[in-house]
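What you see is a predicted model; the values in this text were computed from it and never measured. Only this structure's heavy atoms are used, side chains among them; waters, hydrogens and symmetry mates stay out. Throughout, a chain's letter reflects where its sequence line sits, starting with A, and its residues are numbered from 1.
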Number of protein chains: 2
Amino acid sequence: MSAEDRLALDQLTTLRLRRCGAREDVISEGEVPRDVNLILSGWACRYKQLEDGRRQILAFFLPGDICDLNVYILREMDHSVAALTPLVVGELPRDALEEVMQRHPRIAKALWWETLVNAATQREWTVSLGKRSAFERMSHLFCELFFRLRAIGFTSESQCELPLTQAELADATGLSAVHVNRTLQELRGAGLIQLKDRVLRIPDLRALKEAALFNPNYLHLDHEGRGLDANRS
Amino acid sequence: MSAEDRLALDQLTTLRLRRCGAREDVISEGEVPRDVNLILSGWACRYKQLEDGRRQILAFFLPGDICDLNVYILREMDHSVAALTPLVVGELPRDALEEVMQRHPRIAKALWWETLVNAATQREWTVSLGKRSAFERMSHLFCELFFRLRAIGFTSESQCELPLTQAELADATGLSAVHVNRTLQELRGAGLIQLKDRVLRIPDLRALKEAALFNPNYLHLDHEGRGLDANRS
DNA sequence: CGGGGAGTTGAAACGCCTCAAATGAGGTGG
DNA sequence: CCACCTCATTTGAGGCGTTTCAACTCCCCG
């Protein structure tokens with residue numbers, strides 16, 4: 001990316017900042033989005049809730065992730081985004097964003113790359129919920145998060161932060177909190193992970209990948225579109 | 001959409017046609033896509049297969065649907081698309097498509113709308129697999145297909161074609177074929193559907209929606225971006 | 001007339017859920 | 001500094017939804 005591209009991005013992201021407390025909605029289903037939200041620090045999630053209260057987490061957002069580029073084309077949010085930890089969010093005015101995309105094709109392409117990877121990740125989650133066992137599903141989630149965190153420099157050695165409660169893991173994997181707990185014990189027992197005090201350690205990533213049937217191709221990490229995150233620009 | 005827009009579209013879609021037999025791959029995981037595929041007639045599906053053979057259907061494509069606008073940005077397919085019935089596919093050269101999108105903002109917007117609705121649908125499937133029971137899940141799928149078919153004029157009264165085997169329904173809903181069979185019987189028993197000889201009848205759509213906890217908002221059918229399908233242009 | 005795929009049925013097993021209660025780890029006010 | 005709250009995690013026991021395996025029927029097609 002050219003220096004000029006970066007400058008354009010920086011100008012965009014420094015415009016408006018917003019802070020959210022943990023568990024607070026960044027944007028809620030039914031709202032008409034005015035801006036595009038860029039996570040600058042903290043973890044967030046996309047979720048949907050059924051009328052009777054059942055909640056499904058659909059995606060995790062890490063620093064540098066954009067929630068719903070261009071959803072405003074759909075007029076109205078069909079899901080919600082919530083903070084999992086305290087959050088700093090950059091609000092990108094959509095007009096300014098569109099202008100930047102027009103003037104800087106490389107940025108535009110990187111943003112589309114992000115949107116498409118989001119979609120690919122959603123597909124992989126569908127596969128997990130449809131075809132993977134609880135054990136494989138949790139392994140797969142840990143693999144995915146570890147790969148994504150590593151790509152933005154948020155891992156050290158074989159470990160990373162994991163600021164999620166078991167209830168949140170349950171909502172993401174479609175399991176009950178109780179069964180998440182037991183599955184975590186199985187994973188620990190198998191020596192595949194250590195998880196304590198919000199820190200995840202993966203002693204043997206290869207083994208965990210095999211257990212999860214994890215193929216990182218859907219993250220498309222090997223592509224030029226990568227690296228548009230807040231921490232690199 | 002202006003007459004000029006339509007003309008541009010027609011020129012695009014009439015360029016190259018391709019026929020696929022049922023069960024044939026339109027494009028396979030790992031391939032580098034050269035064109036964007038537009039379904040002109042027949043049903044197709046997007047699917048992923050795990051190393052050990054388990055297969056998950058991720059989406060159904062109906063006439064007028066575009067498979068993976070812009071996935072070429074990701075270089076390589078991370079999933080496959082297969083014909084469920086004999087298929088006629090329009091192959092849109094990606095350069096021509098990009099040019100059209102640049103020159104016809106309204107078409108561009110409609111195409112983005114399609115991409116975003118795809119993503120929203122994938123999210124809803126994730127919710128189904130994560131949180132809905134077999135009974136609700138099948139109901140939901142039938143609601144979705146019926147709404148989509150109605151939007152493209154492929155329903156009459158309260159019925160539509162449903163050229164899917166129970167095994168395919170199983171792969172889509174994350175259930176076993178046996179359980180799909182039993183669930184269909186339950187649905188029939190509850191008077192929610194009739195399904196015979198590839199024809200689905202929904203005597204009381206309202207009731208089916210309630211059983212499915214179906215909220216059509218994620219299809220965003222009430223929007224101007226709609227109606228770019230092959231049958232209307 | 002034979003073969004194969006789609007649909008159907010039964011019985012047993014298993015994975016995961018629900019309910020309920022106990023333990024542990026902060027955080028606050030007295 | 002302790003009592004007490006709340007929230008996250010853990011454990012046990014029983015039940016249900018769904019899977020698996022196997023067999024059988026039906027129908028279309030060769």
Side-chain angles (χ1 to χ4, degrees), chain A residues 21-24 43 50 52-57 82-86 128-141 161-190 193-200 211, chain B residues 21-24 43 50 52-57 82-86 128-141 161-190 193-200 211:
Chain A
R23 273 142 224 264
E24 201 179 311
W43 286 43
L50 297 182
D52 63 5
R54 283 175 276 180
R55 183 176 93 131
Q56 176 69 41
I57 290 180
L84 294 167
T85 68
S128 270
L129 294 180
K131 289 279 130 69
R132 280 187 253 258
S133 67
F135 190 87
E136 295 165 336
R137 224 179 280 180
M138 303 257 340
S139 306
H140 195 276
L141 178 58
E161 295 270 323
L162 194 95
L164 303 174
T165 66
Q166 294 184 1
E168 285 159 350
L169 287 171
D171 281 345
T173 53
L175 302 168
S176 68
V178 171
H179 201 60
V180 163
N181 182 286
R182 296 198 227 266
T183 306
L184 284 175
Q185 292 176 44
E186 268 191 84
L187 281 164
R188 281 190 274 248
I193 63 159
Q194 292 156 37
L195 177 55
K196 215 183 165 227
D197 299 330
R198 327 264 97 139
V199 173
L200 172 68
Chain B
R23 272 144 225 261
E24 201 179 312
W43 287 41
L50 298 181
D52 62 4
R54 282 176 276 180
R55 182 176 95 132
Q56 176 68 43
I57 290 181
L84 293 167
T85 68
S128 269
L129 295 181
K131 290 279 130 70
R132 280 189 253 257
S133 67
F135 190 87
E136 296 165 336
R137 225 181 280 179
M138 303 256 341
S139 306
H140 195 276
L141 178 58
E161 295 270 323
L162 194 95
L164 303 173
T165 66
Q166 294 185 358
E168 285 158 351
L169 287 171
D171 281 346
T173 52
L175 301 167
S176 67
V178 170
H179 200 58
V180 163
N181 183 289
R182 295 198 230 264
T183 305
L184 284 174
Q185 292 177 45
E186 271 191 83
L187 282 164
R188 281 190 273 246
I193 65 161
Q194 290 156 36
L195 177 55
K196 214 181 164 228
D197 299 331
R198 322 267 99 136
V199 173
L200 172 68

Any donor-acceptor pair under 3.5 Å from B/Lys131 side chain to A/Gly174 backbone: no
Any sub-3.5 Å donor-acceptor pair from B/Gln56's side-chain atoms to B/Asp171's backbone N or O? yes
Length of the line joining [X]:[atom1] and [N]:[atom2], which is rounded to integer Å:
{"X": "B/Asp197", "N": "C/dG7", "atom1": "CG", "atom2": "C1'", "result": "12 Å"}
{"X": "B/Leu175", "N": "D/dT20", "atom1": "CG", "atom2": "P", "result": "11 Å"}
{"X": "B/Arg54", "N": "D/dT20", "atom1": "CZ", "atom2": "P", "result": "9 Å"}
{"X": "A/Leu164", "N": "D/dC7", "atom1": "CG", "atom2": "P", "result": "18 Å"}
{"X": "B/Glu168", "N": "C/dG7", "atom1": "CD", "atom2": "C1'", "result": "13 Å"}
{"X": "B/Glu186", "N": "C/dT8", "atom1": "CD", "atom2": "P", "result": "14 Å"}
{"X": "A/Leu169", "N": "C/dC17", "atom1": "CG", "atom2": "C1'", "result": "17 Å"}
{"X": "A/Arg132", "N": "C/dC16", "atom1": "CZ", "atom2": "C1'", "result": "18 Å"}

Would you indicate what [X] reaches in the nucleic acid, counting non-hydrogen atoms under 4.0 angstrom: base, sugar-phosphate, or nothing?
{"X": "B/Arg198", "result": "sugar-phosphate"}
{"X": "B/Leu184", "result": "nothing"}
{"X": "B/Arg188", "result": "sugar-phosphate"}
{"X": "A/Arg23", "result": "sugar-phosphate"}
{"X": "A/Thr165", "result": "sugar-phosphate"}
{"X": "A/Ala177", "result": "nothing"}

Counting only side-chain nitrogens and oxygens, does [X] get under 4.0 Å of the OP1 or OP2 atom of [N]?
{"X": "B/Asn181", "N": "C/dG7", "answer": "no"}
{"X": "B/Gln185", "N": "C/dT9", "answer": "yes"}
{"X": "A/Gln166", "N": "D/dT10", "answer": "yes"}

Side chain of A/His179 only, heavy atoms from C-beta on: which candidate in D/dT19, C/dC17, C/dT18 is closest? C/dC17
Looking at the side chain of B/Val178, which of C/dC16, D/dA22, D/dT18 is the nearest nucleotide? D/dA22
Considering all heavy atoms of both residues, which atom of A/Leu50 and which atom of B/Arg132 are nearest to each other, and what is their separation? CD2-NH1, 3.5 Å
So, taking the atom named CD in B/Glu186 and the one named CG in B/Asn181, what distance separates them when rounded to the nearest 0.5 Å? 11.0 Å
Please state whether the base of C/dG7 and the side chain of B/Arg182 form at least one donor-acceptor pair under 3.5 Å? no
Answer yes when A/Arg54 and B/Glu136 have at least one side-chain N-carboxylate O distance shorter than 4.0 Å, and no when they do not. yes
